[in-house]
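Heads up, the thing below is written out as structure tokens.
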Amino acid sequence: MSDYLDLLGLPFMQRAILAAVFTGLAAPAIGTYLVQRRMALMGDGIGHVAVTGVAIGLLTGASPTWTAVLVAIAGAIAIEVIRERGHANGDVALALLFYGGLAGGVLITGLANESGGRLNTYLFGSITTISVDDVLAVMVLAAVVVAICVGLAPQLFAVAQDQEFARVAGLNVRFYNLLVAVLAAVSVTVAMRTVGLLLVSALMVVPVATSQQLTRSFRTTLTAAMLLGTLASVGGLLLSAYLSAHARVAPGPTIVLLALAGFALAWPAGVLLRRRRRLRQPFPVVASAAHQTIDVHPHEHGDDCGHVAVPHGDHVDYVHDGHRHAAHGRHYDEH
Amino acid sequence: MTDPTPEPVVELRNGAVAIAGRPILRHIDLTVRSGEFVALMGANGSGKSTLVRALTGLWPLANGSLQLFGTPFGSFHDWRRVGFVPQRGGAASGVPASVWEVVASGRLTHRRLLRPLARADRAAIAEALDVVGLAHRSRESVSALSGGQQQRVLIARALAGDPELFFLDEPTAGVDLPNQQVLADTLATLSSRGATIVLVAHELGPMAPLIDRAVVMRDGRVAYDGPPLASEQVATAHLHEHELHEHGHHHHHAEPERHDHAPHIASPIEGDHR
């Protein structure tokens, strides 16, 4: 155990924890807006395009982080333009972009005489080899993403919820759409070093999917997703560091699997919660048909009788073997 | 509203809309005056929804000129005076959103960037929820509501902005009668407060007594513009003689029966060659 604490005290580990915290906050923040627009896979698409950006960095000797940011932003804008033009087969056009990005990246990496191993650190993340400069870049970019996602939440929410209404409310919808695309591209490159380009989308989408199992409002979904994302990325990092004493455990996949484990726990709870809510939803008040009483009813309904109690106008119906029993004087009525 | 001729709020002159190069709306002249309650009616595909989308700027005009509150559309920025209720489907999205949150987005026209909600904003949101009768469900997810209730949420969202001019696109489509009645009561409240209302409707239902004026669309042109019609008259509105005199075509024939179900006439102008 003291070995483990020593490990956490090492500078590379502290850099990794910082990167994990900021990534865990930023990726689900923008991911919430992507899921709201039903574009959950957009992060995945940008991630593929960013591979080419990394390769260009390797080829030219520039910092792969910054070339990836630029190419990812260009790719995100291209995706947004294709989406806005409303091509009938928009998803096919997006797929072309994804594969072009991945193939271009692998090809250019070869041209740069770099090994596949170097590219792998970007594809699947290598948070423990992150440099001081990269940590600073991650922190600045992530802070910008979080600040915009939270600060402009009313506008971004309205545009994602209903574009036509937002336009008639005088919002510049195209600007906000491009802003979301650019923010998604920036968070992809932020998360690139943590979980890798091929797993980026998981950190953007899975915490959102988990939190919306249990939430009813947008604001709590956003907050909970950011919290869960941070828990998953820091927890995954620490877990993989702990396990690395026994086996080779990569942090990137550990983070993603931990996030998925959270979803696996939340999903049944969400199903139960929604079922309970549906069962207890009040029955509509309609002018009733004939007054039908129940002949013999040995059971007395009450707060703890075990039958589901549903509000019905000014009284309560007890759901009983597919019937609705309502107290009426000394007997029960069929409702 | 004692002024005999209130100022025009919406003024469309010779308006035309083309979608993907095909002319959809042609030669539309429409003036809506302050305080009027206008129903845009017509069959499916007659262009009534396209017209309301042109009036809100969602479709650009291919021709003609549009003024809102006396300002040419290009220089109109006073969006807090306009409320829009799109066709249903906009209420739910990929992430849960509470009823209150959706209605709160109607206050965006009053809020500056990066400022929290002011007390006046909260009061307007609460009042809008109250008017549509959903105050007790404000914390629930929009997707948990029925279709008619979601429609009421969208109306509350427009209400929260406190506009003077409302555009509603088929608010009663697929809504059951009790919910239609709530919608009609809401619109009656708005109208009595002096709001101008432009409503797209296939059938008026409980809203019929509220209408001041009906505009019937047919194949992308205005076929009738005048006092409210009974719903069975809408299909034959272009055969009535007391409107559109400027075209000089009068239809005195006592034979409109065969047009009741399958109208054969595209517009009043082409109606004469029979």
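Here is the naming used below: chain letters follow the sequence lines, and residue numbers restart at 1 for every chain. Values in this document were obtained by computation on a predicted structure and should not be read as measured data.
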Sub-3.5 Å donor-acceptor pair from the side chain of B/Glu11 to the main-chain atoms of B/Leu68, do we have one? no

Which residues, numbered in order, of residues 143-152 of chain A come under 4.5 angstrom of chain B by heavy-atom distance? A/Gly151, A/Leu152

Taking every non-hydrogen pair under 4.5 Å, which of A/Pro154, A/Ala166, A/Ser211 racks up the most with chain B? A/Pro154

Looking at B/Pro163, B/Ser141, B/Ala104, B/Gly161, which one has more heavy-atom pairs under 4.5 Å with chain A than the rest? B/Ser141

Please assess A/Tyr33 against A/Phe218 for the test ring-ring contact (aromatic ring centres under 6.0 Å, His included), listing each intermediate value before the final yes or no. CA-CA 10 Å; A/Tyr33 295 103; A/Phe218 184 82; 5.5 Å; yes

Quick one: what part of A/Leu171 sits under 4.5 Å from any heavy atom of chain B, side chain, backbone, both or neither? side chain

Pick one of side chain, backbone, both or neither for A/Arg274, based on which atoms fall under 4.5 Å of a heavy atom in chain B. neither

Can you name the salt bridge (Lys or Arg N to Asp or Glu O under 4.0 Å) partners of B/Arg213, sequence neighbours left out? B/Glu36, B/Asp225

Heavy-atom contact with chain A under 4.5 Å, split by part of B/Leu58: both

Do A/Glu164 and A/Arg167 pass the salt bridge (charged side-chain N to carboxylate O under 4.0 Å, His left out) test, and can you show the C-alpha distance, the side-chain angles, and the key distance before you say yes or no? CA-CA 5 Å; A/Glu164 291 187 349; A/Arg167 267 178 68 182; over 6 Å; no

Any salt bridge linking B/Glu140 with A/Arg277? Criterion: basic side-chain nitrogen under 4.0 Å from a carboxylate oxygen. no

Hey, does the side chain of B/Ser191 reach the backbone of B/Leu187 with a donor-acceptor pair shorter than 3.5 angstrom? no

Should the pair B/Arg157 and A/Phe165 be classed as cation-pi, given the thresholds of under 6.0 Å to the six-membered ring centre and 45° from the axis? yes

At a heavy-atom distance under 4.5 Å, which candidate from A/Gln155, A/Arg37, A/Met39, A/Arg278 has the highest pair count against chain B? A/Gln155

Region of A/Thr215 that comes under 4.5 Å of a non-hydrogen atom in chain B: both

On the 0 to 90° scale, with breaks at 30° and 60°, tag the B/Phe73-B/Phe76 ring pair as parallel, tilted or perpendicular. parallel

Which answer fits B/Arg81, side chain, backbone, both or neither, if we ask what part of it has an atom under 4.5 Å from a heavy atom of chain A? neither

Could you go through the salt bridge (charged side-chain N to carboxylate O under 4.0 Å, His left out) check for B/Arg107 and B/Asp162 one step at a time? CA-CA 8 Å; B/Arg107 282 307 280 182; B/Asp162 210 8; 5.4 Å; no

B/Arg80 versus chain A, the contacting section by heavy-atom distance below 4.5 Å: neither

Salt bridge flag under 4.0 Å for residues A/Glu84 and A/Arg174: yes

Of B/Val85, B/Leu117, B/Leu114, B/Asp78, the largest count of non-hydrogen pairs under 4.5 angstrom with chain A goes to B/Leu114

Looking at A/Ser187 and A/Ala27, would you say the former's side chain and the latter's main chain have a donor-acceptor pair under 3.5 Å? no

